[in-house]
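Below is one structure, written out as C-alpha cells, with a few remarks after it.
Just so it is clear, the structure is predicted and the values come from calculations on it, not from any experiment. Letters A, B, ... mirror the listed sequences (proteins, then strands); counts begin at 1.
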There are 4 protein chains.
Amino acid sequence: MPRSEQANQQIRDERRRQILNVAAEIFARKGLAETRISDIAAASGISQGLIYRYFASKEELLRAVIANALDQVLTGLQELREQPGTPWEKLYRLTAYMWEGMRRRPAYVHVVLHTLISEAVPEEIRALARRYIRESYTFFRELIVEGQQAGQVVLADPEELTLLYGSLLQGLATGAWFMDEYSEVQLSIERMLRILKP
Amino acid sequence: MPRSEQANQQIRDERRRQILNVAAEIFARKGLAETRISDIAAASGISQGLIYRYFASKEELLRAVIANALDQVLTGLQELREQPGTPWEKLYRLTAYMWEGMRRRPAYVHVVLHTLISEAVPEEIRALARRYIRESYTFFRELIVEGQQAGQVVLADPEELTLLYGSLLQGLATGAWFMDEYSEVQLSIERMLRILKP
Amino acid sequence: MPRSEQANQQIRDERRRQILNVAAEIFARKGLAETRISDIAAASGISQGLIYRYFASKEELLRAVIANALDQVLTGLQELREQPGTPWEKLYRLTAYMWEGMRRRPAYVHVVLHTLISEAVPEEIRALARRYIRESYTFFRELIVEGQQAGQVVLADPEELTLLYGSLLQGLATGAWFMDEYSEVQLSIERMLRILKP
Amino acid sequence: MPRSEQANQQIRDERRRQILNVAAEIFARKGLAETRISDIAAASGISQGLIYRYFASKEELLRAVIANALDQVLTGLQELREQPGTPWEKLYRLTAYMWEGMRRRPAYVHVVLHTLISEAVPEEIRALARRYIRESYTFFRELIVEGQQAGQVVLADPEELTLLYGSLLQGLATGAWFMDEYSEVQLSIERMLRILKP
DNA sequence: TATGAATGAGAATTCATTCAT
DNA sequence: GATGAATGAATTCTCATTCAT
C-alpha cells in the first residue's frame, strides 16, 4: 500500500525545510564554493543523492536559502511598516527587530553577506541578496526622512544617515560572528540610534 | 658576480610583490576556494609553475597577502600612536586614516573579511586576520578611554563603544563594496564619530 | 478464489507486455546505457519500483525485449519455411516479410542493432541478438542454394550472396531510421532481389 | 629552460591525434553513453585529466572524432570526383574506395553509425554525422544518373537506386563488424554493383 | 629561472535499485 | 500489489601541484 499523497507531501516539506536550515548554517560558515554537498548531507543525516531530489544543484540550494532569508526579513519589515507610532518609535522598533534577527539567525545574515561579497556566486543570486539590503535601506531611509520632518532625527543628508545606520547594523552583524572577545558585550538600541540623534 | 646576485634578488622581490598584489585583488573578489592559481598567474603575466617558486601553496599565498595587509595597518597605527594631540584629535586622525585606507585599498579589507568569514580558511591564517582586527580595536579602545578621561567621549562602557565604532567602520568598508547605489555618498568623519560624542 | 487469481495473472501479463513494448521503443532510440528506468516507468504510466516486480533489472528487461523480437521473427520464418512454391517465390515472400516487419516494427530492428553494436551490452544478450541475425541468414542461405539448384539464382558463392542480401536488408532497415530524405522512396521487392538474379 | 614553442606544439598535436584515434576505437565499440573517459585515458596511457586539456568534454571529443571521419571521407570523395573515366568506371572506383575505407577504419564507420542511431547523442553531433551520409548519397546519385545517361546503369528511379546502393554499403559495413561468421567472406565489387546493372 | 604538460585527488551529479509504508 | 523516498556506487570534470625540458 503506497503512502498517502498527503503523507508524502508532509515528508517532502519537512525534508526540504530541514535541508534548507542545515544548508544555511553551513553556507554561512564556509561560503558557496567551500561548502561541500557532502557536508550538508552529513549534517542533515541523509544521503548526498537525496539532496538532489529537493534542489537541482548546489547553486539552486543557495538561491533557496537566500530567498528564504529575504522573505522572512521583508515580511518582518512589512509588519513594522504598518505599526503606529512616532518616527523615532518606529526607528527604535526597526533597530530592535533587525538586531534581534541577527542574533537569532546569524547564519542567514551570514549567507547573505557571503553571497554579496563573493564574485564566485552567480550574479543572479547576488542580485537577490542585494535586493535584501536595498529593501531594508529603503525602509531605513523612509523613517529617517519622516524623523527629520518630525524633528526627531538630525538634519543631515538622508543618504549619508542611511548608509551610516545600515553599515553600523551590518558591521555589528558581521563583527559579532568572528570577534569572540566582543560577543558578550551588551549593546543598547539607544546607543546604536545615537548616530541619528539631532 | 655580486652585482648580478643583487639584481636577481631585486627582480625576485619585485615579482613577489607583484604576485602579492594581484593575488590580493583576486582573493578579495572570490575568496580562497574560488580563486584559481591559474587566474593569479594569468593576471600576473607569468606561468602557473612560477608562482610555486615564490609561494609554497595557494594558502601560503593567502597568508602572505594577509600578513602584508596586517603589516601596513599596524605600521600606520603605530605612527598615529606617536603623534601628539588631544584624544579627540587622535580619534579623528585614526578614523580618517582607517577610512582612507579602506577607500584606497578596498581589496585588503576584503581579503581580510573573506578570511575571517570562512571556516574553510586554515585556522592559522584566520588567526592572523583576527589579529588585524584585534590590534585595531585595542587602539580604538585606548583612545576611547583616554577620550572619556578628557571628557571628550561619552561615558559608556568602553567595550560597547569600541564595538560600535569598529563595527561602523567595518560595515562601511564592506557596504561600499557592493552597494553601488551608495558608493557616491559623501561621508564626514565628524558624522562617524558622532557615535562617540558625549 | 481461483477466478481472481486468474484475473490477476491476466493483469500481470498485460502489464508485462505493456512495459516490454514501451521499453523496446525507448531502448531502440537510446540504447541500453542512455535509457533511464524512470523514462520507461513514466512512459508506461507506472512507478519505477513496479518495474522491478516484472523485471529483475534494466538488463533483464533488455534481454526480454530482444527475446521477444527474436521469437516473433523466428515464428514468422518458420511459417514461411512451411509454405509451398519455387525457391524464387519463397525468396520473394521472405524478402517481403522481412521488409514489412522492418517497416512495421522499426523499434525491434533497432534494439537488436543497438545491442549488436555495443560492447557495453552483456555478452549473453548480444549472443541472443546475434542468434536473431544468424537464424535469418541461415534461412536466406538455404533458399539461395535451392534457388541456384533451380537455376533461379546466380551461380556465385552462396556465402557471398547471403551476406550481400542480408546486408542490403539490414542497411535498408537502419537507413530508413535516420535518412528522412529517403524515407518516402518506394522500394520494390524485385529490385532488392536483383542482387541474386542470374 | 622551457621547451621551445615548436616542441610544445608538436607534443600537443601528437597527443591530440593519439586521443582522437583511441577515442574513435572505443566510441565505435561502446557508443557515447557507454564510453567512459577513464576507458579512453587508460587505453591512451594518460591521465583522465589530460584529456580535458585537449577536449572540453566527452561530447566535444565525440564531435571531433566525427568531424575527423567526415573530413577524411569527403576529401576522398572529392578526389574521386575529379578523376576521369566512364560513369561505370567511376562507380567502380567509388565502391572500391568506400569498401576499402570500411575495412581499414571500421571504427570510424562505427562511431558514425552509433551517432546516427542513438538519440542520446546531441542533435548537433548527429546532424554532423547525417551530413556524412548525405554527402556520400549525393555523390552516389550523381554517378547513377550519369550512368543511366550513358546506358551503363539500369533505368529505374535514381532515388531508389541510390538508397539501395547506399544501404547495401552501409549494411555491409555494419554486418562485417559483428557477424564473425561472415567476416572472411570475399566480396567482389562487381557483385555489389550488380544492383545497378541494366 | 621559467614554462606548460601531466598527474591525481576530490567534488558535483546521476540513476539503478531497495525498502518502508 | 504499488508507490516514491532514500541510498550509494559510479562517472564526469576541475584544479592544485609536480616535473621534464
Side-chain angles (χ1 to χ4, degrees), chain A residues 1-5 7-12 14-15 33-41 44-61, chain B residues 8 11-12 15 32-41 45-61, chain C residues 8 11-12 15 32-41 46-61, chain D residues 1-5 7-12 14-15 33-41 45-61:
Chain A
M1 200 70 61
R3 265 186 229 96
S4 79
E5 181 49 38
N8 267 329
Q9 192 54 48
Q10 194 180 325
I11 288 176
R12 287 185 61 81
E14 197 147 327
R15 268 272 185 272
E34 296 90 343
T35 294
R36 312 276 157 247
I37 283 288
S38 59
D39 296 341
I40 299 177
S44 306
I46 61 177
S47 69
Q48 291 191 39
L50 191 55
I51 291 185
Y52 288 87
R53 276 186 64 88
Y54 292 90
F55 301 94
S57 67
K58 199 167 78 161
E59 282 184 11
E60 199 48 55
L61 180 48
Chain B
N8 258 340
I11 290 174
R12 277 189 66 82
R15 186 151 276 179
L32 175 64
E34 199 69 357
T35 292
R36 311 280 156 247
I37 282 286
S38 58
D39 294 345
I40 299 178
I46 61 178
S47 70
Q48 290 187 42
L50 192 50
I51 288 187
Y52 287 86
R53 285 249 159 207
Y54 292 89
F55 302 93
S57 68
K58 191 165 79 159
E59 291 177 1
E60 187 50 42
L61 181 47
Chain C
N8 258 340
I11 289 173
R12 276 189 66 81
R15 187 151 274 178
L32 175 64
E34 199 68 357
T35 293
R36 311 282 156 245
I37 282 287
S38 58
D39 294 345
I40 299 178
I46 61 177
S47 70
Q48 288 187 44
L50 192 51
I51 288 187
Y52 287 85
R53 285 251 161 207
Y54 293 89
F55 301 93
S57 68
K58 191 165 78 160
E59 291 177 2
E60 188 50 43
L61 181 48
Chain D
M1 198 71 62
R3 265 187 228 93
S4 79
E5 181 49 38
N8 268 328
Q9 191 55 47
Q10 194 181 327
I11 288 176
R12 288 185 61 80
E14 198 148 326
R15 269 272 185 271
E34 296 91 341
T35 294
R36 312 276 157 246
I37 282 288
S38 59
D39 295 342
I40 299 177
I46 61 177
S47 68
Q48 291 191 38
L50 190 54
I51 291 184
Y52 288 88
R53 277 187 63 89
Y54 292 89
F55 300 94
S57 67
K58 198 167 78 160
E59 283 185 9
E60 198 49 54
L61 180 48

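For the pair A/Asn8 and F/dT3, the criterion of a side-chain N or O lying under 4.0 Å from OP1 or OP2 is not met. The phosphate of F/dT14 has neither OP1 nor OP2 within less than 4.0 Å of any side-chain N or O from D/Arg53.
Annotation: cation-pi pair A/Arg15/A/Tyr54 absent, no NZ/CZ under 6.0 Å from the ring centroid and within 45° of its normal.
Atoms CD (D/Glu14) and P (E/dA5) sit 14 Å apart, rounded to a whole Å. Whole-Å rounding puts the B/Leu50 CG to E/dT1 C1' distance at 8 Å. Distance D/Gln10 CD to F/dA20 P: 20 Å, rounded to the nearest Å. Rounded to whole angstrom, the span from the CD atom of D/Glu34 across to the C1' atom of E/dC15 amounts to 15 Å. Computed from coordinates, the A/Arg36 CZ to E/dT13 C1' distance equals 14 Å when rounded to whole Å. Across the protein-nucleic acid pair, D/Gln48 atom CD and E/dT7 atom P stand 11 Å apart, rounded to whole Å. Rounded to a whole Å, the CG atom of B/Asp39 is 12 Å from the C1' atom of F/dA16. In this structure, C/Phe55 places its CZ atom 16 Å from P of E/dT18, rounding to the nearest Å.
Nearest-nucleotide assignment on DNA chain F puts the 5′-proximal partner with C/Arg12, out of B/Ala56 and C/Arg12. Nearest-nucleotide positions on DNA chain E place A/Thr35 closer to the 5' end than the other of A/Thr35 and C/Ile37. Residues A/Gly49 and A/Gln9 each lie close to DNA chain F; by heavy-atom proximity, the contact nearer the 5' end of the strand is made by A/Gln9.
Side-chain proximity of A/Tyr52 to the nucleotides F/dA16, F/dT14, E/dT13 is greatest for E/dT13. Side chain of A/Lys58, nearest nucleotide from E/dT13, E/dA16, E/dT7: E/dT13. Distance from the side chain of D/Arg15 is smallest for E/dA6 among the nucleotides E/dG4, E/dA6, E/dT17. When each of E/dG4, E/dA6, E/dT17 is scored by its nearest atom to the side-chain atoms of B/Ser47, the top-ranked nucleotide is E/dG4.
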Original post:
Based on Watson-Crick and G-U pairs with both distances under 3.5 Å, what dot-bracket line describes DNA chain E 5' to 3', crossing pairs as [ ] and inter-strand pairs as |?
Top reply: .||||||||||||||||||||

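Proximity of D/Ile40 to D/Ile46: side-chain heavy atoms (C-beta onward) are nowhere separated by under 4.5 Å.
C/Tyr54 comes within 4.0 angstrom of the backbone, heavy atoms only, and of no base. Among the heavy atoms of the strands, none lies under 4.0 Å from C/Ile11.
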